[in-house]
K.L.:
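Quick one: structure below, then a few questions.
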Amino acid sequence: MNIKITHEVTSNDTEELLAGLRDYNSQFIETGSRKPLGIFCRNDAGVLIGGLIASRKGLWLCIDYLWVSDDARGKGLGGIMIKKAEQEAVKIGCNHALVDTFSFQAAPFYEKQGYVLQMSLKDCPKVGMQRHYLTKENLI
């Protein structure tokens, strides 16, 4: 047995590990249902002013990233992107949604969109901050 510790994880390392994990998980769940979803908004000059990247994991839409530029914040773009993601998620078979956010980010925004706080991790990513996990049921 050879155990290696590295801070240089290659794409090959990642893919090899994920292949093994998917193989194991496929005994219990349909692993082919993991599909990416992206929503991107650009201004008239073609500059990205907001975007959302998520994936389908079984019946769940998992929102990985949501960003709105400073100039576009407070104008409803984030809510529009969330709604579009949820609508698309329903089309591809999702019933629920999951998102996580740090205390310095957007928990009240997600709650305004109908998400409910499920749990928080204290001192994450550092002392005095929290990482919040929120879900939304019945996207249909």
Side-chain angles (χ1 to χ4, degrees):
M1 182 181 327
N2 178 14
I3 297 177
K4 175 184 172 185
I5 298 173
T6 183
H7 294 275
E8 307 277 330
V9 178
T10 68
S11 58
N12 188 51
D13 293 332
T14 300
E15 193 49 47
E16 193 174 0
L17 184 144
L18 291 177
L21 184 59
R22 281 187 212 105
D23 185 52
Y24 175 78
N25 289 350
S26 69
Q27 299 173 72
F28 307 99
I29 58 173
E30 179 191 344
T31 57
S33 67
R34 186 177 179 142
K35 306 242 187 250
L37 173 63
I39 298 173
F40 304 99
C41 182
R42 297 183 181 279
N43 66 15
D44 293 338
V47 176
L48 187 69
I49 60 169
L52 180 151
I53 295 176
S55 61
R56 174 186 174 199
K57 295 177 185 159
L59 299 176
W60 286 81
L61 171 70
C62 298
I63 300 170
D64 299 311
Y65 307 102
L66 173 65
W67 170 77
V68 176
S69 70
D70 289 340
D71 293 340
R73 281 196 191 131
K75 298 177 182 170
L77 179 57
I80 290 168
M81 290 190 295
I82 289 277
K83 192 63 168 166
K84 288 189 178 297
E86 291 171 353
Q87 290 168 346
E88 189 62 26
V90 169
K91 290 180 191 176
I92 61 173
C94 295
N95 297 334
H96 318 284
L98 168 69
V99 67
D100 68 273
T101 187
F102 293 114
S103 54
F104 60 88
Q105 291 176 323
F109 163 79
Y110 290 111
E111 291 172 331
K112 185 178 175 184
Q113 309 308 311
Y115 286 72
V116 176
L117 180 65
Q118 297 300 318
M119 67 169 276
S120 298
L121 296 176
K122 70 177 187 169
D123 295 336
C124 182
K126 66 181 197 175
V127 173
M129 294 182 178
Q130 299 84 40
R131 186 171 188 173
H132 304 296
Y133 292 83
L134 302 98
T135 61
K136 187 172 185 179
E137 302 289 328
N138 304 317
L139 296 181
I140 301 171

K.L.:
Write down the atom of Ala72, the atom of Leu77, and the distance for their closest heavy-atom approach.
P.N.:
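Closest pair (atom of Ala72, atom of Leu77, distance): CB-CD2, 4.1 Å.
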K.L.:
Between Lys136 and Gln113, is there a donor-acceptor pair closer than 3.5 Å when you use the side chain of the first and the backbone of the second?
P.N.:
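Looks like yes, one N/O pair under 3.5 Å.
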K.L.:
Just so I know, are the side chains of Met119 and Leu121 near enough to count as touching, which here means a heavy-atom distance under 4.5 Å?
P.N.:
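In short, these two side chains touch, coming nearer than 4.5 Å.
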K.L.:
How close do Ala85 and Leu37 get, heavy atom to heavy atom, and via which atoms?
P.N.:
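It is O-CD2, 3.8 Å.
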K.L.:
Looking at every heavy atom in both Gly58 and Cys94, which two are closest together, and how far apart are they?
P.N.:
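Distance-wise, the nearest heavy atoms are O-SG, 4.3 Å.
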K.L.:
Of the non-hydrogen atoms in Phe109 and Gly78, which two are nearest, and what is the gap between them?
P.N.:
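Answer, listing the atom of Phe109 first, then Gly78: CZ-C, 3.5 Å.
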K.L.:
Is there a donor in the side chain of His132 and an acceptor in the side chain of Ser120, or the other way round, less than 3.5 Å apart?
P.N.:
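Yes.
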K.L.:
Could you list the residues that satisfy side chain to side chain contact (heavy atoms under 4.5 Å, CB included) with Arg73, not counting sequence neighbours?
P.N.:
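Residues passing side chain to side chain contact (heavy atoms under 4.5 Å, CB included) with Arg73: Trp67, Val68, Asp70.
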K.L.:
Pair Asn95, Leu139 - check side chain to side chain contact (heavy atoms under 4.5 Å, CB included), show working.
P.N.:
CA-CA 5 Å; Asn95 297 334; Leu139 296 181; 5.8 Å; no
K.L.:
Between Ile53 and Leu61, is there shared hydrophobic-cluster membership here, with clusters defined by ILVMFWY side-chain heavy atoms closer than 4.5 Å?
P.N.:
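Shared cluster, no.
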K.L.:
In Å and rounded to the nearest 0.5 Å, what is the CD1 to OG distance from Ile92 to Ser55?
P.N.:
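Answer rounded to 0.5 Å: 9.0 Å.
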K.L.:
Evaluate the side-chain proximity of Ile63 to Ile82: yes if any heavy-atom separation is below 4.5 Å, no if none is.
P.N.:
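Yes, their side chains come closer than 4.5 Å.
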K.L.:
Inspect the contact between Glu88 and Arg56 and indicate whether a charged nitrogen and a carboxylate oxygen are less than 4.0 angstrom apart.
P.N.:
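Here Arg56 does not pair with Glu88 in a salt bridge, since their nearest N and O are not under 4.0 Å apart.
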K.L.:
The criterion is side chain to side chain contact (heavy atoms under 4.5 Å, CB included); which residues satisfy it with Leu17, sequence neighbours excluded?
P.N.:
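With sequence neighbours excluded, Leu17 shows a side chain to side chain contact (heavy atoms under 4.5 Å, CB included) to no residue whatsoever.
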K.L.:
For residues Gln118 and Thr135, report the shortest heavy-atom separation together with the two atoms involved.
P.N.:
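Closest approach of Gln118 to Thr135, heavy atoms only: NE2-OG1, 3.0 Å.
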K.L.:
Going only through I, L, V, M, F, W and Y residues with side-chain contacts under 4.5 Å, is there a path from Val99 to Met129?
P.N.:
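No, because Val99 and Met129 fall into different hydrophobic clusters, even though each may have its own neighbours under 4.5 Å.
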K.L.:
If you link I, L, V, M, F, W and Y whenever their side-chain heavy atoms are under 4.5 Å apart, who else ends up in the same group as Ile3?
P.N.:
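Reading the cluster by chain and number, Ile3 sits alongside Met1.
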K.L.:
Would you indicate whether Phe104, at its atom CZ, is surrounded by more than 12 heavy atoms from other residues, nucleotides or ligands within a distance under 6.0 Å?
P.N.:
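Enclosed: over 12 neighbouring heavy atoms sit under 6.0 Å from CZ of Phe104.
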K.L.:
How long is the gap from NZ on Lys83 to CG on Leu52, to the nearest 0.5 Å?
P.N.:
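It is 13.5 Å, given to the nearest 0.5 Å.
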K.L.:
Say whether Ile80 and Leu66 are linked into one hydrophobic cluster, either directly or through other cluster members, by side-chain heavy-atom distances under 4.5 angstrom.
P.N.:
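Looking at the clustering, Leu66 is in a separate group from Ile80.
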K.L.:
Tell me, please, which residues at least two apart from His96 pass ring pair (Phe, Tyr, Trp, His ring centres under 6.0 Å).
P.N.:
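Ring pair (Phe, Tyr, Trp, His ring centres under 6.0 Å) list for His96, sorted by chain: Trp60.
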K.L.:
Show the nearest heavy-atom pair for residues Cys62 and Lys57, with the distance to one decimal.
P.N.:
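Reported closest heavy-atom pair: SG-CD, 3.7 Å.
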K.L.:
If you count the non-hydrogen atoms of other residues, nucleotides and ligands that lie under 6.0 Å from CD in Glu137, is the total more than 12?
P.N.:
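Atom CD in Glu137 is crowded, with more than 12 foreign heavy atoms closer than 6.0 Å.
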K.L.:
Is a side-chain donor or acceptor of Asp123 paired with a backbone partner of Gly128 at a separation under 3.5 angstrom?
P.N.:
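Yes; at least one donor-acceptor contact below 3.5 Å.
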K.L.:
Rounded to the nearest 0.5 Å, how far apart are OG of Ser69 and NZ of Lys75?
P.N.:
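Between atom OG of Ser69 and atom NZ of Lys75 there are 8.0 Å.
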K.L.:
Who passes ring pair (Phe, Tyr, Trp, His ring centres under 6.0 Å) against Phe40, sequence neighbours left out?
P.N.:
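Listed in chain order: nothing, the list is empty.
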K.L.:
To the nearest 0.5 Å, what is the distance between CZ (Arg131) and CG (Asp100)?
P.N.:
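Arg131 CZ to Asp100 CG: 4.0 Å, rounded to 0.5 Å.
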K.L.:
Would you indicate whether the side-chain heavy atoms of Ile49 and Asp71 approach each other to under 4.5 Å?
P.N.:
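They are not in contact (no side-chain heavy atoms under 4.5 Å apart), so the answer is no.
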K.L.:
Sequence neighbours left out, what passes ring pair (Phe, Tyr, Trp, His ring centres under 6.0 Å) with Phe28? Give chain and number order.
P.N.:
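Here the qualifying residues are Tyr24.
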